Amino acid sequence: QVQLVESGGGLVQAGGSLRLSCAASGRTFRNYFMGWFRQAPGKEREFVGAINWNSGTTYYADSVKGRFTISRDNAKNTVYLQMNSLKSEDTAVYYCAARSGGTYYLTYDYWGQGTQVTVSS
């Protein structure tokens, strides 16, 4: 049973930073893509970024490129989303997701429960 548990959300001022964590369990994620998504109130869920667990290659939405960084810790089976220079428009519930193989922009199979990020201006 795959389980993804996000943590690290909270309230931060514009221009500040937060680091989200996604603890993954239930199997080996070596051949997985781990994605981060977000959903703001009244908006559709959108792709934020992803990482190929094997190679470490990362992919980002244009809206966060240069501000957000995704990394992984193999020993801890954890993926991170480092968010810098946060803006009010980054306010959303952030979700971690996993998919086996394929590529990062295909449908994800497993989802976490989400963690709220609120950026005050």
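If you're wondering where the values come from, they're calculated on a predicted model, not measured in any experiment.
Counting heavy atoms from C-beta on, the side chains of Asp90 and Val117 never come closer than 4.5 Å. No side-chain heavy atom of Tyr60 sits less than 4.5 Å from a side-chain heavy atom of Phe47. Counting only heavy atoms from C-beta outward, the side chains of Leu81 and Arg19 never approach each other to under 4.5 Å.
Neither Met34 nor Tyr108 shares a network with the other; the hydrophobic side chains, linked directly or stepwise wherever heavy atoms of I, L, V, M, F, W or Y lie under 4.5 Å apart, form separate groups for each. Hydrophobic clustering (ILVMFWY, side-chain heavy atoms < 4.5 Å, transitive): Val12 and Leu20 are in one cluster. Residues Phe37 and Tyr105 are members of one and the same hydrophobic cluster, defined by side-chain heavy-atom contacts under 4.5 angstrom among Ile, Leu, Val, Met, Phe, Trp and Tyr.
Taking the six-membered ring where the residue is Trp, Phe33 and Tyr59 present tilted rings, their angle falling between 30° and 60°.
Taken from OG in Ser121 to CG in Leu86, the straight-line distance is 12.5 Å, to the nearest 0.5 Å. Note that SG of Cys96 and OH of Tyr110 are 13.0 Å apart. Values are rounded to the nearest 0.5 Å. The OG1 atom of Thr91 sits 8.5 Å away from atom CD of Glu89, with the distance rounded to the nearest 0.5 Å. How far CD of Gln82 is from CZ of Arg67: 12.0 Å, rounded to the nearest 0.5 Å.
Partners of Ser17 under the side chain to side chain donor-acceptor pair (under 3.5 Å) rule, at least two apart in sequence or in another chain, are Asn84. Judged as a side chain to side chain contact (heavy atoms under 4.5 Å, CB included), and not counting sequence neighbours, the contacts of Ala14 are Val119. In this structure Ser55 satisfies the side chain to side chain contact (heavy atoms under 4.5 Å, CB included) test together with Asn52, Thr57, sequence neighbours excluded. Every side chain to side chain donor-acceptor pair (under 3.5 Å) that Gln113 has, sequence neighbours left out, goes to Glu6.
Within the structure, the ring pair (Phe, Tyr, Trp, His ring centres under 6.0 Å) test picks out no pair touching residues 61-103 (sequence neighbours left out). Legend: salt bridge (Lys or Arg N to Asp or Glu O under 4.0 Å) pairs involving residues 110-121, not counting sequence neighbours: none detected. Among pairs with a residue in residues 52-66, those fulfilling salt bridge (Lys or Arg N to Asp or Glu O under 4.0 Å) read Asp62-Lys65, at least two apart in sequence or across chains. Residue pairs satisfying the side-chain hydrogen bond (donor to acceptor under 3.5 Å, both in side chains) criterion with at least one member in residues 69-79, sequence neighbours excluded, are listed as follows: Trp53-Asn74. Residue pairs meeting the salt bridge (Lys or Arg N to Asp or Glu O under 4.0 Å) criterion with at least one member in residues 44-59, sequence neighbours excluded: Arg38-Glu46. Among residue pairs with one or both ends in residues 38-78, none qualify as disulfide (SG to SG under 2.5 Å); sequence neighbours excluded.
Remark: the backbone N or O of Gly9 is paired with a side-chain donor or acceptor of Thr115 at under 3.5 angstrom.
The hydrophobic cluster around Leu11 extends to none of the other residues, as no ILVMFWY side-chain heavy atom falls under 4.5 Å of it.
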Ignoring hydrogens and angles, write down the donor-acceptor pairs under 3.5 Å from the side chains of residues 22-29, residues two or more places apart or on other chains.
{"unit_1": "Arg27", "atom_1": "NH1", "unit_2": "Tyr32", "atom_2": "OH", "d": "2.9"}

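For the side chain to side chain contact (heavy atoms under 4.5 Å, CB included) with Trp36, the qualifying choice from Val64, Ile51, Val79 is Val79, the only one to do so.
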